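All chains are named by letter (A, B, ...) in the order of the sequence lines, taking the proteins before the strands, and each is independently numbered beginning at 1. A quick note: this is a predicted structure, and the numbers were derived from the prediction, not measured.
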Protein chains: 2
Amino acid sequence: MEKVTIATVARRAGVSRQTVSNVLNTPDVVREETRERVREAIAELGYRVNQAARQMRTGRSRLIAVRIEPANDGINGSVLDRFLHGLTDAAGLAGYRVMLYTAAGDDDEIATYEELLSAYDLDAFVLTSTHHGDPRTSWLAGRDIPFVTFGRPWGAPDTHSWVDVDNASGTTAATERLLATGHRRIGFLGWPAGSGVGDARREGWARALGAAHLLGSSAGVEDGVDTGAAAARGLLAAEPDTTALVCASDSLALGALEAAREMGRDCAVIGFDDTAVARAIGLTSVSQPLAEAAGRCMDLLRELLDGRAPSAPTHVLLPPSLVLRQTA
Amino acid sequence: MEKVTIATVARRAGVSRQTVSNVLNTPDVVREETRERVREAIAELGYRVNQAARQMRTGRSRLIAVRIEPANDGINGSVLDRFLHGLTDAAGLAGYRVMLYTAAGDDDEIATYEELLSAYDLDAFVLTSTHHGDPRTSWLAGRDIPFVTFGRPWGAPDTHSWVDVDNASGTTAATERLLATGHRRIGFLGWPAGSGVGDARREGWARALGAAHLLGSSAGVEDGVDTGAAAARGLLAAEPDTTALVCASDSLALGALEAAREMGRDCAVIGFDDTAVARAIGLTSVSQPLAEAAGRCMDLLRELLDGRAPSAPTHVLLPPSLVLRQTA
DNA sequence: TCCAGGAATTTGATCGTTCAAGACCTTGGA
DNA sequence: TCCAAGGTCTTGAACGATCAAATTCCTGGA
């Protein structure tokens, strides 16, 4: 099986290399009849463009890079993985491929950008886990490298396109559900103030309560089942009339469930992220539309890469959905 | 910031392109002093080889491909994700990058191989989820394309290198643990016969029981919490003296736990895969050394890619470990 | 002093594609 | 009849690296 190049196709179709290239890249400049002939030759020979050669000439690789977390073990770790699955699908459909990398910290990640850009000519990056004071976005923006973030730029100037899930509306929906089923004293179990995502989730709960002219207490602890259980015990003990808890994660929710069971309290619980754990134990949870988010990220990237970038960056905010199970 | 090529470096160091190339690829043919001078120039300029150009000449891309499952939702889905994390790490250390792809079925996957090979000149593939009658391995082997499987070639002729976890020894360890803690009637909750992995897990349990001259019953059902619960109910009802269950997955184990609780039976349960769910609910589970497996896969691949392939394929069988928690 | 022979370095060609520019046809209006 | 203007197709050069062969530089023995 000889290697089939553009020259092979050209010979077979009786045209020049460039004409074949034109059929591939700018079909409209080639006469109908010729175009067909070339297409047949391509099909017969099973020709495929060699990306490396194309890339050398055009500087574009049709590759996008995403970071994969080193080896997170938590209940919530799977969220990014699910996003990754969606992104790989969406990229494939758009003719791109996803390349993975790991990095220990933001600076290391930036070093990796340099490496990937110069070695592999990466076309674009998708960033996840954006946070306050994130140096990555400004580094990329400063070099005009196409990128999209999954997660809005917390605090940073809003100069790039992003996709995010409306965290607040998720907890609002959760709280409203609890209100609708008769709960009147609804607490919130979240993370310490300061993380954008966590604050938003708390905010959504507070907003729903406010709209119903109700009050509720909240706690902020590091994520985890045990920390969640401890915090929930505290909350439930301090407020005997609390009958429901909205939680910022499934881990916390699981802890809350444990605490309530221990204390013999009947307490509805709603988690966040709809992880495997939630599905397994029947925990009602707020579900992020990760596949859709990935698809939208890819859409935005294509805009950037095709040069038809809108003058202003685009922001996509997706509504999460509430998955009802036994716990609420 | 001008683009730095090998020619830039050569000029700066006062040598020819080829000498720079030699410093990079075959340092021993370059005189010590020259080598140093070139290395300095490389460092000063921040030069990095352009993979596309190198690849065009050498035909090697330093890229390896792995399939990522479309978007599996189950409790057990995360196993492959964790393997993927490890592989990305190991590949990075060895100077390779991981490229992802998805495929719907084996034939589609083979089509993707063709695409990836001709378009991106992939160096190697890592296959997961090997199964009986897997057409992928023979396709790759027939074309002399380097690959390793994570999972042994069930049934197929054993002509390639692979890494696998010793499933049987995992359930053996689990069963022995139960025996050591006094259980005498230990059941097994697994999948229908025919899947290599499932059969091996059952086999490990049976072996341990046999060594202790004991008997036990087993059930085989599709993976899932509900199916597991149903099967466990059946087993426990039929055998009032069963006090422990070894399960082929955490999903089944979770179901077993549910069933036992419902029935008011005190029953030890051990799952398999040490998923997030197991950690979350305190389920004792057999843990696969996924990071190590990924590392070994990478080692085998490097052997193949560096041409120092052993004449016979290498097989690596890793022992899993038992993670003790509350349920056993 | 000269030369053989190995070590160190350089030169030209090449990988497969696309860009830029030029060549070749048609067609139609002057 | 001739030429301008498009439309269509072809030709060389270039991208940045490595291979293969050629060249220069050394060293030491005759």
Atom [atom1] of [X] and atom [atom2] of [N]: how far apart are they, to the nearest Å?
X: Ile6(A); N: dC19(C); atom1: CD1; atom2: C1'; result: 13 Å
X: Asn50(A); N: dT14(C); atom1: CG; atom2: P; result: 18 Å
X: Lys3(A); N: dC15(C); atom1: NZ; atom2: P; result: 9 Å
X: Glu32(B); N: dA8(C); atom1: CD; atom2: P; result: 11 Å
X: Asp28(B); N: dT9(C); atom1: CG; atom2: C1'; result: 15 Å

Any donor and acceptor pair, going by atom type alone, linking the side chain of [X] with main-chain N or O of [Y] inside 3.5 Å?
X: Gln55(B); Y: Ala53(A); value: no
X: Asp123(B); Y: Ser61(B); value: yes
X: Ser118(A); Y: Glu114(A); value: yes
X: Thr34(B); Y: Val30(B); value: no

Worksheet entry | base_contact_polar (dT17(C) base, Arg57(A) side chain, donor-acceptor, <3.5 Å) |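 A donor-acceptor contact between them is absent.
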
Worksheet item: Looking across every strand, which nucleic acid part, if any, lies under 4.0 Å from Arg60(B) by heavy atom: base, sugar-phosphate, or nothing?
Response: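 The answer is nothing, as Arg60(B) stays clear of every strand by at least 4.0 Å.
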
Worksheet item: So what does Arg35(A) hit on the nucleic acid, given a heavy-atom distance under 4.0 Å: a base, only sugar-phosphate, or nothing?
Response: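 No contact at all - Arg35(A) keeps every heavy atom at 4.0 Å or more from the nucleic acid.
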
Worksheet item: Using the ring of each side chain (for Trp, its six-membered ring), is Phe125(A) parallel, tilted or perpendicular to Tyr101(A), with breaks at 30° and 60°?
Response: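 Judged by the thresholds at 30° and 60°, the geometry between Phe125(A) and Tyr101(A) is perpendicular.
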
Discussion item. Under 4.0 Å from OP1 or OP2 of dA8(C): is there any side-chain N or O of Arg31(B) that close?
Written reply: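 Indeed not, no polar side-chain atom of Arg31(B) lies that close.
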
Item to complete: Compute the bend angle of the helix from dT1(C)-dA30(D) to dA30(C)-dT1(D) from the end axes (five pairs per end), rounded to 10°.
Response: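 End axes: 70° apart.
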
Worksheet item: Sequence neighbours excluded, which residues qualify as ring-ring contact (aromatic ring centres under 6.0 Å, His included) partners of His131(A)?
Response: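 Applying ring-ring contact (aromatic ring centres under 6.0 Å, His included) to His131(A) gives none.
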
Worksheet item: Does the side chain of Phe147(B) come within less than 4.5 Å of Thr137(B)'s, by heavy atoms?
Response: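 With C-beta onward as the side chain, the pair touches.
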
Practice prompt. Could you pull out the closest heavy-atom pair between Ala52(B) and Asn50(B), with the gap in Å?
Written response: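 Where Ala52(B) meets Asn50(B) most closely, the heavy atoms are N-OD1, 2.8 Å.
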
Worksheet item: Which nucleotide of DNA chain D is the first, and which the last, in the 5' to 3' direction, to come under 4.0 Å of a heavy atom belonging to chain A?
Response: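 The contacted stretch runs from dT8(D) to dG16(D).
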
Practice prompt. Scan residues 45-64 of chain A for pairs that pass salt bridge (Lys or Arg N to Asp or Glu O under 4.0 Å), counting only residues two or more places apart or in two chains.
Written response: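 Qualifying pairs: Arg48(A)-Glu115(B).
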
Discussion item. What residues from residues 12-23 of chain A pass a heavy-atom cutoff of under 4.0 Å to DNA chain C?
Written reply: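 Output list: Arg17(A), Gln18(A), Ser21(A).
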
Under 3.5 Å, which donor-acceptor pairs do the side chains of residues 150-157 of chain A form with other protein atoms, sequence neighbours left out?
from: Arg152(A); atom 1: NE; to: Asp164(A); atom 2: OD2; distance (Å): 2.9
from: Arg152(A); atom 1: NH2; to: Asp164(A); atom 2: OD2; distance (Å): 3.3

Discussion item. Assess, by modelled atom type and distance only, whether the side chains of His160(B) and Thr149(B) contain a donor and an acceptor separated by less than 3.5 Å.
Written reply: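 A donor-acceptor contact under 3.5 Å links the two side chains.
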
